[in-house]
Amino acid sequence: MSAQVIDGRACARALKASVAAEIEQLREERLPIGLATVMVGGTYGSLAYERRLRRLAADLDVPYVPRKLPVTVSQAELDDTIAELNAAPGVSGILILRPLPPHLSEAATFQSIHPAKDIEAVHPQNAGLLALGVPRYVPSTAASAYHLLDTWLDSVGEDRADFYHRSLIVVVGRSNNVGKPAVSLGYDRQAAVESIDEWASRTGTLGRHTRRADVLIVAAGRPGLIRAEHVNDHAVVIDVGINPRTGPDGVTHMVGDVDHDTVAPRVRAITPVPGGVGPVTDVWLLRNTVAAARLNSARLLSSQEPS
Ligand code: NAP
């Protein structure tokens with residue numbers, strides 16, 4: 001029997017309608033909103049993500065400020081760009097597109113974002129709040145993975161709390177922006193959580209962990225990493241990976257980290273790539289931008305108050 005395919009596009013459409021209503025509400029209250037992205041150089045994944053965000057912002061009529069910097073940019077120049085966006089009243093949220101070239105410090109760059117505009121929660125203050133279970137912003141990719149899970153649980157009539165309390169969530173990949181937030185959100189749901197990285201593959205223990213998963217969240221950036229032998233028949237698989245793969249026809253397609261054709265027939269439910277986590281992530285980022293618009297307006301207002 002083939003798995004249920006969790007439709008990320010349908011989920012994103014529903015979420016987009018509620019975000020559009022929130023943006024309309026901001027307009028009625030005359031509160032400014034704007035999204036800024038900063039890209040240094042660009043990769044297959046970051047260029048595609050930037051294009052999607054540009055389209056979505058236009059669609060939702062949200063002012064969009066893209067900053068494209070050459071791959072040779074210095075840390076000081078990058079920091080200056082972020083300082084300019086921090087100070088811009090029309091910019092509510094700032095997204096730094098990863099990866100940065102190796103001569104730039106990701107930690108220093110993330111720390112230079114104003115925490116109120118840090119819609120991906122990469123600043124240490126926001127990452128700390130997330131780890132403590134009291135997030136200011138929930139990073140969009142991990143949030144989307146759980147939003148898809150929650151929506152699917154609702155659709156099959158399973159109680160969310162009951163499901164998470166008796167589940168083992170295995171997260172493959174532990175980057176600061178995807179894997180670690182996915183672990184934190186699993187803890188918040190009182191699930192058992194296991195986090196694994198490349199060492200599991202190097203030591204040949206990947207399957208030993210993944211086969212026990214009730215929920216398998218895969219964010220490694222390795223096309224086809226998870227195959228049929230890595231899953232059990234009741235697993236729900238969330239494939240976060242976005243990778244280019246050039247077929248025999250010379251055309252490049254987007255594929256996930258999960259070998260969908262062999263895994264889908266073996267598991268209970270699975271997200272596709274494309275059309276799974278990606279579309280929900282985009283809308284979630286705009287949702288965080290709305291929250292940031294409110295927070296920044298309140299911040300500006302309080303700074304104008306006479307002391
Ligand atoms: P990243 O920063 O490169 O981190 C990858 C993580 O995966 C690292 O922790 C790494 O382990 C681990 N890993 C690498 N190879 C592995 C292997 N063979 N077995 C087990 N673990 C392995 O990547 P990222 O930013 O988290 O992104 C991961 C993937 O998600 C990429 O394909 C990216 O394009 C995609 N992505 C998708 C969305 C979306 O909306 N769908 C959003 C963001 C990212 P070490 O720590 O040991 O190096």
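For ligands, and for the atoms within them, numbers begin at 1 and follow the listed sequence. For reference, positions follow the sequence shown, starting with 1. Because only heavy atoms are used, hydrogens play no part in the values below, and waters and symmetry mates are left out as well, while side chains stay in.
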Charged N-O contact under 4.0 Å between [X] and [Y]:
| X | Y | answer |
| --- | --- | --- |
| Asp59 | Lys16 | yes |
| Asp259 | Arg227 | no |
| Asp233 | Arg268 | no |
| Lys68 | Glu50 | yes |
| Arg222 | Asp257 | no |
| Arg211 | Glu194 | no |

For this session: Tell me, please: is Ala219 in heavy-atom contact with ligand 1, that is, under 4.0 Å?
Result: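 Yes, Ala219 has heavy atoms under 4.0 Å from ligand 1.
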For this session: Kindly assign one of parallel, tilted or perpendicular to the pair Tyr164 and Tyr146, based on the angle between their ring planes and the thresholds 30° and 60°.
Result: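 It falls in the tilted class, 30° to 60°.
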Students should be able to answer this: which protein heavy-atom is nearest to [atom], and at what distance?
| atom | result |
| --- | --- |
| atom 42 (C) of ligand 1 | Thr141 OG1, 3.1 Å |
| atom 44 (C) of ligand 1 | Val178 CG2, 4.0 Å |
| atom 12 (C) of ligand 1 | Gly173 CA, 3.7 Å |
| atom 5 (C) of ligand 1 | Ala220 O, 3.6 Å |
| atom 15 (N) of ligand 1 | Arg222 NE, 3.3 Å |

Could you tell me, atom by atom, which parts of ligand 1 come under 4.0 Å of a heavy atom of [X]?
| X | result |
| --- | --- |
| Gly278 | 40 (O), 41 (N) |
| Arg174 | 6 (C), 8 (C), 9 (O) |
| Gly221 | 28 (C), 29 (C), 31 (C), 32 (O) |
| Val277 | 41 (N) |
| Thr281 | 39 (C), 40 (O) |
| Val172 | 20 (C), 21 (N) |
| Asn243 | 32 (O) |
| Leu225 | 17 (C), 18 (N), 19 (N) |

Exercise. In this structure, are over 12 heavy atoms from other groups packed under 6.0 Å from Arg30 atom CZ?
Worked result: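 Atom CZ in Arg30 is not packed in, count stays at 12 or less.
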Exercise. Is there a side-chain contact between Leu56 and Val283 (heavy atoms, below 4.5 Å)?
Worked result: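 Yes, close enough: below the 4.5 Å cut-off.
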Problem set entry | Side-chain heavy-atom pair Val240, Val178 within 4.5 angstrom cut-off |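 Counting from C-beta outward, Val240 and Val178 do come under 4.5 Å.
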Closest candidate by heavy atom, reference [atom], pool [options]:
| atom | options | value |
| --- | --- | --- |
| atom 33 (C) of ligand 1 | Leu97, Ile242, Asn176 | Ile242 |
| atom 20 (C) of ligand 1 | Asp282, Asp197, Val273 | Asp197 |
| atom 11 (O) of ligand 1 | Glu120, Arg98, Glu198 | Glu198 |

Between [X] and [Y], does any side-chain donor sit less than 3.5 Å from a side-chain acceptor?
| X | Y | value |
| --- | --- | --- |
| Thr37 | Tyr49 | no |
| Glu29 | Ser297 | no |
| Arg160 | His165 | no |

Has ligand 1 got any nitrogen or oxygen that is less than 3.5 angstrom from a nitrogen or oxygen of [X]?
| X | answer |
| --- | --- |
| Trp199 | no |
| Val240 | yes |
| Ser175 | yes |
| Ser201 | yes |

For this session: Evaluate the 4.0 Å heavy atom contact test for atom 3 (O) of ligand 1: does a protein atom fall under the cut-off?
Result: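 No, there is no protein heavy atom closer to it than 4.0 Å.
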